[in-house]
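Note that this is a predicted model, so its numbers are computed, not measured.
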Amino acid sequence: MDRLIHALTNKECDNELPTTNTGEYVILTGDQVITCNNTILEKPQDIKQAKEFVQMYANYAPSTVGSVILTHYPTGITVEGTDTATIHFKNSVGQIDGTTHLDLVDRMLLEGAPVLSCAGGLMIEHPLVREHVENIEGTEDSVMGLSKALVERLLGELRTKLDEIV
């Protein structure tokens, strides 16, 4: 899985290479996927699929796998890394709410949440989702798309490599 995410990130990085030398800077490229039960989850195609994803989360913990590449210009030195976080949901995530008689996806849609615009169909920062999160292995920023710790580690690695050529 890590190699797949690195390949996607490298492809994005190749598309962002500058064509002129305008000084010294670092480009950050990254990508993230959601995996659950050995399947990569994209944005749900429809409400039915979003509900299927949520039902799966009651039985299998989804993970986010994010890859980051930092490229220094003008040297072209790169460092890269991957961070994974796993979200453990309570069984209640797949159940009908006793008060509203709606499932989580329907409740989120009533609030205008972008269920179909989010890989895996859920955003852990949404209050309706948060009440179903048992725990997270990893960091919330990693789940939300970019691991601060990973970026900081990579910046340190990049600094070390740059110091070696000076």
Side-chain angles (χ1 to χ4, degrees), residues 1-16 27-71 78-155 157:
M1 185 64 62
D2 290 356
R3 286 185 294 194
L4 171 63
I5 303 306
H6 277 294
L8 291 170
T9 304
N10 272 315
K11 185 175 187 313
E12 289 179 13
C13 185
D14 291 343
N15 292 334
E16 298 297 324
I27 293 179
L28 182 152
T29 54
D31 205 354
Q32 181 187 56
V33 297
I34 311 301
T35 63
C36 189
N37 195 25
N38 297 314
T39 303
I40 295 175
L41 304 181
E42 301 286 343
K43 295 174 185 172
Q45 296 176 4
D46 53 34
I47 301 303
K48 180 180 181 241
Q49 188 175 45
K51 291 180 180 197
E52 289 169 359
F53 288 172
V54 172
Q55 286 297 320
M56 190 172 15
Y57 302 156
N59 299 309
Y60 305 98
S63 296
T64 59
V65 183
S67 182
V68 172
I69 297 176
L70 299 180
T71 305
T78 63
V79 292
E80 59 186 65
T82 302
D83 186 72
T84 301
T86 301
I87 306 97
H88 297 273
F89 285 99
K90 300 172 187 171
N91 289 339
S92 62
V93 74
Q95 298 173 356
I96 302 293
D97 179 74
T99 305
T100 64
H101 304 290
L102 298 172
D103 64 21
L104 177 58
V105 172
D106 288 333
R107 289 172 55 212
M108 291 181 68
L109 289 169
L110 281 176
E111 290 195 5
V115 172
L116 299 180
S117 301
C118 199
L122 296 180
M123 304 169 300
I124 65 158
E125 65 271 23
H126 194 286
L128 290 175
V129 175
R130 190 173 293 283
E131 69 188 53
H132 296 284
V133 174
E134 188 170 305
N135 73 313
I136 299 172
E137 292 176 44
T139 61
E140 192 168 317
D141 58 332
S142 181
V143 173
M144 292 171 61
L146 184 62
S147 167
K148 179 180 175 183
L150 175 60
V151 172
E152 288 174 343
R153 180 178 61 86
L154 292 176
L155 284 168
E157 289 178 21

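- Annotation: side chain of P114 is in contact with side chain of M123 (closest heavy-atom distance under 4.5 Å).
- Partners of F89 by ring-ring contact (aromatic ring centres under 6.0 Å, His included), not counting sequence neighbours, listed by chain and number: Y57.
- Side chain of K51 to main chain of D106: no donor-acceptor pair is present (N/O by atom type, distance under 3.5 Å, no hydrogens or angles).
- Note that CZ of R130 and CD1 of I124 are 6.0 Å apart. Values are rounded to the nearest 0.5 Å.
- For the residue pair A61 and H88, the shortest heavy atom distance occurs at CB-ND1, 3.6 Å.
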inquiry  = Run the side-chain contact (heavy atoms from CB on, under 4.5 Å) test on T139 and K148 for me, step by step, so that the C-alpha distance in whole Å, both residues' side-chain angles and the decisive distance to 0.1 Å come before the verdict.
reply    = CA-CA 9 Å; T139 61; K148 179 180 175 183; over 6 Å; no

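- When each of M108, H126, Q49 is paired with V115, the side-chain contact (heavy atoms from CB on, under 4.5 Å) condition holds for M108 and for no other.
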message = Under the criterion side-chain contact (heavy atoms from CB on, under 4.5 Å), I'd like the reasoning laid out for T82 against S67: C-alpha separation, chi angles, the key distance, then a yes or no.
response = CA-CA 4 Å; T82 302; S67 182; 4.0 Å; yes

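- Atom CG of residue L150 and atom CG of residue D141 lie 9.5 Å apart, to the nearest 0.5 angstrom.
- Residues V68 and L154 meet the side-chain proximity criterion, which asks for heavy atoms closer than 4.5 Å.
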key: Working for side-chain contact (heavy atoms from CB on, under 4.5 Å), residues L104 and L122   = CA-CA 10 Å; L104 177 58; L122 296 180; 4.1 Å; yes

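- Side-chain atoms of T39 and N37 include no donor-acceptor pair closer than 3.5 Å.
- Looking at heavy atoms from C-beta onward, E131 lies in side-chain contact with L128 at the 4.5 angstrom threshold.
- At least one side-chain heavy atom of L41 sits less than 4.5 Å from a side-chain heavy atom of M56.
- Distance check: I27 CD1 to L70 CG gives 10.5 Å after rounding to the nearest 0.5 Å.
- Closest of all the heavy-atom pairs between S142 and A85 is OG-CB, 3.9 Å.
- In terms of heavy atoms, S117 sits closest to K43 at O-CE, 3.4 Å.
- Separation of atoms CD (Q32) and OG1 (T64) is listed at 4.5 Å; rounding is to 0.5 Å.
- Other residues, nucleotides and ligands contribute over 12 non-hydrogen atoms within 6.0 Å of the CD atom of E125.
- We find the CD-CG distance between Q95 and D103 to be 11.0 Å, quoted to the nearest 0.5 Å.
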request  = Might you work through the side-chain contact (heavy atoms from CB on, under 4.5 Å) test for T71 and T29, ending with a clear yes or no?
outcome  = CA-CA 8 Å; T71 305; T29 54; 5.6 Å; no

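- Interatomic distance, C118 SG to I34 CD1, rounded to the nearest 0.5 Å: 7.0 Å.
- In this structure, R153 pairs ionically with E157, as a charged nitrogen and a carboxylate oxygen lie closer than 4.0 Å.
- Annotation: side chain of P44 is in contact with side chain of L116 (closest heavy-atom distance under 4.5 Å).
- Counting non-hydrogen atoms of neighbouring residues, nucleotides and ligands closer than 6.0 angstrom, the CG atom of N135 exceeds 12 such neighbours.
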